[in-house]
Amino acid sequence: MSKVETQIQVKLPDGNSKTLEAGATAADLAKAIAEGLFRKSVGAVINGEPKDLYTPLKDGDEVKLLTADTDESLEFLRHSTAHVMAEAVQSLFPNAKIAIGPTIQDGFYYDFEIADHALTPSDLEAIEKKMTEIAKENQRIVRYDIPDVDAQIKEFEQQGEKFKAELLTEHRDHNPTLYLMQNKEGKTVWNDLCRGPHLPATGFIKAFKLQKVSGSYWRADENKEKLQRIYATCFWTKKDLEEHLKRLEEAEKRDHRKLAKQLDLFSVHEEVGPGLIFWHPNLATVRDTIEEYWRKEHRRRGYDFVYTPHIANESLYKISGHLENYAENMYSPMDIDGEDYRCKPMNCPGHIMIYKSKLRSYRDLPLRYAELGTVYRYERSGVLHGMLRVRGFTQDDSHIFCTPEQLKDEINGILDLIDSLMTTFGYRYKAYLSTRPEKYLGTDEQWEMATNGLEQAMKDRNMDYEVDEGGGVFYAPKIDIKLFDAIGREWQGPTIQVDLNLPNRFDVTYIGEDGNRHQAVMVHRAVLGSMERFCGGLIEHYAGRFPLWLAPTQVAVLPISDRHQERAKELALALQKKEIRAHLDDRPETIQYRIRDAQLEQTPYMLVIGDKEMEDDVVAVRHRQGGQVGTMKFEEFLEKIEKEIETKQL
RNA sequence: GCCGUUGUGGCUCAAUUGGUAGAGCUGCUGUCUUGUAAACAGCAGGUUGCAGGUUCAAGUCCUGUCAACGGCUCCA
């Protein structure tokens with residue numbers, strides 16, 4: 001063996017190389033660079049793959065060391081903390097059987113089966129305490145290749161760790177590994193089947209929080225074992241953790257259900273039924289304003305508005321296939337003159353009826369039918385959530401019928417509409433293209449035509465998008481758009497689907513240039529989604545502080561005392577005449593009180609009218625956020641807010 | 001639907017080991033005529049989600065039921 005072979009060379013991210021002894025690990029590399037670096041290192045990215053710090057390196061490997069305190073290594077921290085949590089749970093509840101414990105968006109969870117015990121908040125405290133002990137003990141986390149899979153499966157089974165046994169059986173050919181938790185004496189005190197990678201030791205774990213316990217199922221299958229899931233999060237520093245918890249609090253303050261009570265926006269009534277929304281005047285005003293804007297934007301883009309009935313003979317849904325594929329979300333039939341009728345779960349069949357009411361020529365296409373169509377769907381009781389998940393809602397639905405040649409331009413038009421609406425509301429967004437899934441209807445050519453139409457339109461617009469390969473629905477490729485709100489949270493946004501099913505089922509055709517019948521291309525799209533969900537989302541996006549153009553009350557007119565009442569009334573009426581939503585608050589309360597009220601209601605502008613204002617023929621303007629703006633002529637104020645409304649300023 | 005938690009006037013919350021349901025805000029009435037985020041006083045408002053049960057006695061304990069809330073998508 002030549003001397004050269006006892007050494008290896010690895011590449012560092014800065015382009016430099018480092019020569020190490022053969023068999024050296026990433027930890028050795030860290031040490032070779034600097035002792036301080038070694039102390040901070042928690043793992044490595046080797047040839048693009050995250051790995052344990054003690055992974056042996058090979059000649060030519062590209063190695064990037066991961067240190068604590070970086071976002072990149074947060075996964076390591078969270079994953080390892082999940083294990084520590086499981087270790088703590090099993091030490092406190094020896095009966096607990098561990099399932100899985102992945103990292104998620106802002107933290108991690110671990111699922112357990114604990115016979116005869118339901119975890120409580122005080123259990124969480126105890127678990128946290130135990131975790132702190134484990135962290136302080138600085139247990140080493142050691143990767144261990146399972147030499148004899150069958151023996152290990154047997155051991156799991158003997159321990160009653162049936163989930164681990166099941167997982168190992170499944171992964172027997174994937175070089176399965178255990179991670180061992182070892183105390184100072186090097187004794188293994190706990191282990192878990194895991195792919196890794198992990199921190200080298202638990203001492204890095206300093207800032208974590210167990211958040212809530214909830215139910216789940218083994219493999220998310222409600223027919224399988226019921227598990228208890230603990231959600232938790234973890235950061236490198238206490239400061240980061242606190243900031244995160246603060247963000248959660250902030251989000252809670254924006255909760256649309258909470259704001260709905262404070263701002264008198266909507267209600268739900270037990271006597272009426274869950275998931276059915278009552279829009280109070282304030283939110284109805286917001287909705288109406290949005291709908292007006294929505295109509296205008298559609299009219300400008302060549303849409304036709306239609307209305308369709310809320311119930312229909314169920315034979316319609318037999319043809320559409322909804323009864324076959326969607327029945328569990330539909331309400332039971334009602335008997336009308338011996339025929340079964342159903343509440344409509346979707347608007348598409350209705351729009352198709354209009355299309356099919358006469359023979360269509362290629363000259364008629366594209367036809368763009370739009371409807372704020374109210375639909376009713378059965379949602380399982382446990383999933384209902386304020387306005388965001390309901391049982392009756394109004395979709396801003398549209399169906400476009402066109403020729404295959406027209407498809408791309410139509411998609412382009414929709415994307416344009418989406419862009420202008422979402423920008424108006426102040427959302428950033430991101431597009432995802434979902435392509436053909438494994439199980440699908442229609443021909444390959446149809447899928448290609450449809451998918452290309454979607455993709456090409458996005459390319460033409462230079463849009464950023466991600467492809468979700470195989471993520472389409474069985475009858476359609478689609479573009480889904482995710483919205484990001486004011487505090488960076490993600491919302492389900494607009495969607496565009498090219499339907500390869502209904503045109504066939506309903507025989508949706510047009511007469512082409514050649515005089516023959518051709519199947520029309522049908523595009524479903526919703527921009528706002530549903531008025532319920534969209535408005536619910538908007539409440540949170542704006543934290544209840546609707547921009548002037550949407551605000552339920554735009555201006556509060558506040559006379560200081562009785563002798564200013566006449567003038568205030570006059571001004572309020574003048575505003576009303578200009579279609580500005582003004583509210584005269586001349587209650588015999590102090591001006592401070594009424595200002596506070598208007599502030600709490602998030603009224604954008606307040607006009608205070610007293611002696612000085614009457615004398616100088618001006619109004620004193622106050623803004624909900626800017627405080628006192630100063631005095632100005634009424635006309636000047638009017639012009640200012642009319643412009644703010646016109647431009648839909650955020 | 002399933003798991004867990006919760007359910008007291010319109011709202012926010014109190015009620016010692018089971019022992020007569022309280023407060024603030026809102027609302028109404030009156031006084032005050034107000035200068036930029038809460039004037040003062042009085043009044044009204046609840047069969048404690050609903051239905052049973054245990055008990056001399058239930059907001060409190062038990063059973064059922066309804067609803068809300070957190071999850072049940074993240075896969076060693």
Side-chain angles (χ1 to χ4, degrees), chain A residues 79 82-83 98-111 113-114 117-121 123 146 156 161 163-172 174-179 192-196 211-231 252 255 257-258 260-262 264 267-275 328 378-386 556 558-565 586-601 606-613 620-624 627-631:
Chain A
H79 197 184
H83 281 246
I98 51 178
I100 56 163
T103 57
I104 51 175
Q105 179 102 60
D106 286 313
F108 60 90
Y109 67 77
Y110 213 112
D111 284 345
E113 184 184 54
I114 311 176
H117 182 77
L119 290 170
T120 64
D123 289 335
I146 298 173
F156 279 145
E161 295 289 2
F163 306 114
K164 291 293 164 188
E166 185 177 328
L167 290 169
L168 180 53
T169 307
E170 231 164 78
H171 290 277
R172 59 179 313 134
H174 303 160
N175 302 319
T177 51
L178 294 184
Y179 275 79
D192 192 359
L193 176 70
C194 186
R195 168 176 58 187
Q211 294 166 296
K212 54 197 166 200
V213 44
S214 78
S216 66
Y217 301 97
W218 175 233
R219 310 235 144 171
D221 181 343
E222 51 192 85
N223 300 312
K224 298 206 161 110
E225 287 87 340
K226 288 184 187 91
L227 306 175
Q228 300 187 60
R229 172 173 301 177
I230 302 177
Y231 282 92
E252 227 169 86
D255 191 313
R257 295 163 302 185
K258 209 165 173 176
K261 274 183 189 159
Q262 286 166 22
D264 196 8
S267 56
V268 203
H269 301 267
E270 210 172 309
E271 309 88 296
V272 179
E328 60 180 34
Y378 173 73
E379 297 281 0
R380 301 201 296 177
S381 61
V383 305
L384 299 173
H385 181 93
L558 313 173
I560 286 196
S561 76
D562 286 355
R563 63 181 175 280
H564 315 112
Q565 224 170 17
D586 56 0
R587 289 175 300 173
E589 299 284 354
T590 60
I591 190 69
Q592 284 101 319
Y593 182 91
R594 285 173 288 149
I595 283 174
R596 178 163 194 271
D597 236 33
Q599 286 282 155
L600 290 176
E601 279 162 25
M606 287 149 261
L607 294 186
V608 176
I609 311 300
D611 289 337
K612 279 182 265 171
E613 288 71 26
V621 180
R622 180 189 168 92
H623 186 258
R624 64 182 166 194
Q628 291 191 60
V629 178
T631 56

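Treat the numbers as computed from the prediction; the structure is a model and nothing was measured. Chain naming here is simple, since letters A, B, ... match the order of the sequence lines and numbering starts at 1 in each. Basis for what follows: all heavy atoms, side chains included, without hydrogens, waters or symmetry-related copies.
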For atom [atom1], what is the distance between [N] and [M], given to the nearest Å?
| N | M | atom1 | result |
| --- | --- | --- | --- |
| B/G52 | B/C11 | C1' | 31 Å |
| B/A23 | B/A15 | P | 14 Å |
| B/G49 | B/A67 | C1' | 7 Å |
| B/G30 | B/G70 | P | 44 Å |
| B/U5 | B/G46 | C1' | 24 Å |
| B/A57 | B/G18 | C1' | 8 Å |
| B/C2 | B/U54 | C1' | 30 Å |
| B/G9 | B/C56 | P | 30 Å |

Kindly give the heavy-atom pair with the smallest separation between [X] and [Y], and that separation in Å.
| X | Y | result |
| --- | --- | --- |
| A/Ala99 | A/Leu167 | O-CD1, 4.2 Å |
| A/Ser216 | A/Arg229 | CB-NH2, 3.6 Å |
| A/Ala165 | A/Thr169 | O-OG1, 2.6 Å |
| A/Gly101 | A/Ala82 | O-CB, 3.7 Å |
| A/Ile591 | A/Pro559 | CD1-O, 4.2 Å |

A/Thr177 side-chain N/O to A/Leu193 backbone N/O, donor-acceptor pair under 3.5 Å: no

- line: Sorted by chain and residue number, the side chain to side chain contact (heavy atoms under 4.5 Å, CB included) partners of A/Pro274 (sequence neighbours excluded) come out as A/Leu384, A/Arg391

Side chain to side chain contact (heavy atoms under 4.5 Å, CB included) partners of A/Asp192, counting only residues at least two apart: A/His83, A/Ile98, A/Tyr110, A/Lys164, A/Trp190

Not counting sequence neighbours, which residues clear salt bridge (charged side-chain N to carboxylate O under 4.0 Å, His left out) with [X]? List them please.
| X | result |
| --- | --- |
| A/Arg172 | A/Asp150 |
| A/Glu170 | A/Arg219 |
| A/Arg594 | none |
| A/Glu113 | A/Lys162 |

In this structure, how many angstroms lie between the [atom2] atom of [N] and the [atom1] atom of [X], rounded?
| X | N | atom1 | atom2 | value |
| --- | --- | --- | --- | --- |
| A/Gln262 | B/A37 | CD | C1' | 15 Å |
| A/Asp111 | B/C2 | CG | C1' | 14 Å |
| A/Ile609 | B/U36 | CD1 | P | 15 Å |
| A/Glu589 | B/G35 | CD | P | 14 Å |

- request: Report yes if the side chains of A/Val621 and A/Thr631 come closer than 4.5 Å at any heavy-atom pair, otherwise no.
  value: no

task: Report yes if the side chains of A/Gln599 and A/Met606 come closer than 4.5 Å at any heavy-atom pair, otherwise no.
output: yes

task: Only one of A/Leu558, A/Leu600, A/Thr590 passes side-chain contact (heavy atoms from CB on, under 4.5 Å) with A/Ile595; say which it is.
output: A/Leu558

Have a look at [X] and say if it touches a base, only the backbone sugar-phosphate, or nothing, with a 4.0 Å heavy-atom cut-off.
| X | value |
| --- | --- |
| A/Gln592 | sugar-phosphate |
| A/Ala598 | nothing |
| A/Asp597 | nothing |
| A/Glu613 | base |

query: A/Arg624 or A/Leu227: which one's nearest nucleotide on RNA chain B is closer to the 5' end?
result: A/Leu227

- prompt: Taking only N and O in the side chain of A/Arg587, is any of them less than 4.0 Å away from OP1 or OP2 of B/G27?
  reply: yes

field: Short side-chain N/O contact to B/A37 OP1/OP2 from A/Arg622, under 4.0 Å
entry: yes

Strand RNA chain B as a dot-bracket string - pairs counted if Watson-Crick or G-U with both distances under 3.5 Å, | where the partner lies in another strand: (((((((..((((.....[..)))).(((((.......))))).....(((((..]....))))))))))))....

query: What residues, two or more places apart in sequence or in another chain, satisfy ring pair (Phe, Tyr, Trp, His ring centres under 6.0 Å) together with A/Tyr109?
result: A/Tyr231

All N/O pairs under 3.5 Å across the protein-nucleotides 46-48 of chain B interface:
none

Report all interatomic pairs (protein N or O, nucleotide N or O of nucleotides 8-12 of chain B) with separations under 3.5 Å.
none

- request: Classify every nucleotide of nucleotides 67-76 of chain B by which part a protein heavy atom approaches to under 4.0 Å, writing B for the base, S for the sugar-phosphate alone and - for neither, in 5'-to-3' order.
  value: SSSBBBSBBB

task: Quick one: pull up CD in A/Glu166 and NE2 in A/His171 and give me the separation to the nearest 0.5 Å.
output: 10.0 Å

- prompt: In Å and rounded to the nearest 0.5 Å, what is the NE2 to CZ distance from A/His385 to A/Arg257?
  reply: 3.5 Å

Look for any protein N or O under 3.5 Å of an N or O in nucleotides 28-33 of chain B and output each such pair with its distance, or none.
{"from": "B/U33", "atom 1": "O2", "to": "A/Asp562", "atom 2": "N", "distance (Å)": "3.1"}
{"from": "B/U33", "atom 1": "O2", "to": "A/Asp562", "atom 2": "OD1", "distance (Å)": "3.4"}
{"from": "B/U33", "atom 1": "N3", "to": "A/Asp562", "atom 2": "OD1", "distance (Å)": "3.3"}
{"from": "B/U33", "atom 1": "N3", "to": "A/Asp562", "atom 2": "OD2", "distance (Å)": "2.9"}
{"from": "B/U33", "atom 1": "O4", "to": "A/Asp562", "atom 2": "OD2", "distance (Å)": "3.3"}

